[in-house]
Structure formats: structure tokens, C-alpha cells
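Report on one structure; see the data block that follows.
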Amino acid sequence: MTSLDLARQRLREFGLEAAATSPLYEHLASRAAEDPEVADLLTAAGEEHATGELLLAAAHRLVQAEPFHRLSNYYPSLGGTYGADESTWPLFRDFLLERSERVRALVSTQVVQTNEVRRAALLYPAVAAAAKQAGGPIGLVEAATTAGLLLGLDQYSYRYQTAEAGQVVAGPAKAALGLHCALELAPGAVLPKLPKAVKVAAKAGIGVSPADLADEDAYAWLEACVWADQPERLRLFGVASGVLRKNPPRLVAGDPVTDLAKAADPIDAPLVVVTSGSGLDLVPALSTLGRDSWWAAHEEGEVRLIRVRDGEPSSATLATTEAHGQRLVWR
């Protein structure tokens, strides 16, 4: 398979993935897959990172830089109100090919970085359970972080809509960011007891290339990675970023498994690590830290709480989830 064949295949796959939630990205990706000139722009990326989402993020970044271009009319993130029509693809195609060198520069140097703050609502019950077991303020670490948005978990407020008890409210009452999540009960389950606050004594994040929210270019790229026709996600990202900028957490560059101790060792409090969609197995790394720890893991559609005590793990599956934070089914 040539690099162009791979690019077209990745664009086709992304178009199918986006079809359920993003009409704009489905429209653009599916047509890019059938256009060799546009698809060829993606070949500037390495094979590992050459995804349809990366090309659409690069395009989003360039439209952000030219907000008065006609193409912005199709980008709700920039105030556009047009739905995809017969003019969208020709505009998009010409826009990218006229800026082909800039597109290639972006896809060859950037990777897609997903920052979905709504996932904090999925993790909050697990972190609260870990804090209760710890019996005091915790040290919170986000592994495989990019911007560290989950490290603001204790500063956001949560409204869980339930059939049994109406709206269940948790987190600080005057939080700048409020997150909403549907909370269902599996057969035989009971509603979790959610505290008004989780006390966090220290925070740190570790990731291969953590982003500095104070850096304008880095921030603009993170915005561009949010799908352009999902402006509510972009709004939440902006508010969460503002919360973190007021008291930035310590972010460490390193492998989130082999270098986990770099983030954890300076923290003198019971350690709770959070991940979301990382695909990692942190148990071996936690077992070598020489301290009791907890891992609140949102992975593969489940929320699990793993406790490592004296090097031995025990695990409980607390809930199943919708990927981005809209729904939690408690077990």
C-alpha cells in the first residue's frame, strides 16, 4: 500500500466514524478520500499519525487564521451557520490546495490531541470513591495528558440527571465550569453517594508532549483539534482552560508508564491517577512506586477503580459510559 493509498483509506475510515456525530466532517473526509490531490496532503504525516482527523484539524487551524474566508460560513466554531451543501467541498478543496505547503507543514509536525473535559463527569464518582478510601486530601495525577483538563476535576461542578432522584449535584457550587451527565442505574444498582467536594492537595500531569495553555500557538492547535461543528465542546474547552490557567498544574514530559514516578514522587498525599481513552496499563508502574495508590480509569467504555496496595492490585468496574461524557450507567 502506498502512502497515498493509506491516506485515502484513513480519510474514508474517518468519514464513516464521523457520520454519526459530525455532518461537516463526514462530508469533507469522504470527499477528500476520493480526491488524490487533497488526500496527498496527508502523506506528509508519518504513517502512525496520518489520520483523517489530522487533516481536518489542520484545515480547521488554517480557517481559524482566516476567519473571514467564505469557508468559515460552514464552520460553527467560527460562527458559521451554513450546513454542508454543493458549495462546501469545492471551497474546502480550493482552500487547502492553495495553502498546500502550510497544510503539509502542519500535518508533518502536529498530532491530534483530544481534550474532552466532559469526561471529568465520568471520572468524578471514581475519584470521589478513591478519596473516601484514602481518608483525606489526595494527590491527583493525569497520565497521558495533553493539556491537563482532567486535573481540574475538583474545580468543576457536576449535574447528574437521574430517573430515581432527579438532578444530583456535586462539586463546588460556584464553579466556573458546570458539566452535565445522564446517570442511569444498571439492574440492581444503587445511586452512588457523590460528595460536594474532593479535596486535592497536589496535582501533576504526565504525557509525551504536554501542551502549555499559555502558549498561543499550542492553544490554537488544541482548539483546532475540536471538531468544527461541535461548538459546545469548544466552549467547554475554553472555560476549562481558563480555570487551569489561574493555577496551572505541574506538567511533566515523559512516558506516562515508564516515567510515572516523575509525576508521582513529589506528591506527598495518597495518590490517585486518572486516565481517559489512553489504552494504557498502569498497574505495573503503580506497583513499583512503593506506595498505596488508586487508578480511576475511563477506558474501553468502562469506568474502573483499581487500588494497588502493597504492590497488589484489586479492581472494580463501577460503570459503563458513553465515550465523551454525556452518559454514565452505574453498576
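Note that the coordinates shown come from a computational prediction; the quantities given were computed from them, not determined experimentally. Numbering starts at 1 and runs along the sequence shown.
- When atom types are taken as modelled, the side chain of His298 and the backbone of Ser276 share no donor-acceptor pair closer than 3.5 angstrom.
- Between the Ser241 side chain and the Phe237 main chain, a donor and an acceptor come within less than 3.5 Å of each other.
- Judged by distance alone, with hydrogens and angles left aside, the side-chain atoms of Ser72 form a donor-acceptor pair with the main-chain N or O of Pro67 at under 3.5 Å.
- Checked against a 6.0 Å centroid threshold, the rings of Phe92 and Tyr75 do not count as neighbours.
- When the ring-ring contact (aromatic ring centres under 6.0 Å, His included) test is applied to His49, no partner is found at least two apart in sequence or on another chain.
- A salt bridge does not link Arg118 with Glu232: every distance from a Lys NZ or Arg NE/NH1/NH2 to an Asp or Glu carboxylate oxygen is 4.0 Å or more.
- Of the possible donor and acceptor atoms, none in the side chain of Lys203 sits under 3.5 Å from a partner among the backbone N and O of Pro249.
- Side chains of Glu299 and Thr275: a donor-acceptor N/O pair is present below 3.5 angstrom, by distance only.
- Partners of Arg8 according to the salt bridge (charged side-chain N to carboxylate O under 4.0 Å, His left out) rule, which considers only residues two or more places apart in sequence or in another chain, are Glu34.
- Between Tyr74 and Asp85, the side chains place a donor N or O and an acceptor N or O closer than 3.5 Å (distance only, hydrogens not considered).
- Residues Val303 and Arg119 form no side-chain contact, since every pair of their non-hydrogen atoms from C-beta on lies 4.5 Å or further apart.
- Between the side chain of His60 and the backbone N or O of Val226, at least one donor-acceptor pair lies under 3.5 Å.
- Shown here are the salt bridge (charged side-chain N to carboxylate O under 4.0 Å, His left out) partners of Glu312, two or more places apart in sequence or in another chain: there are none.
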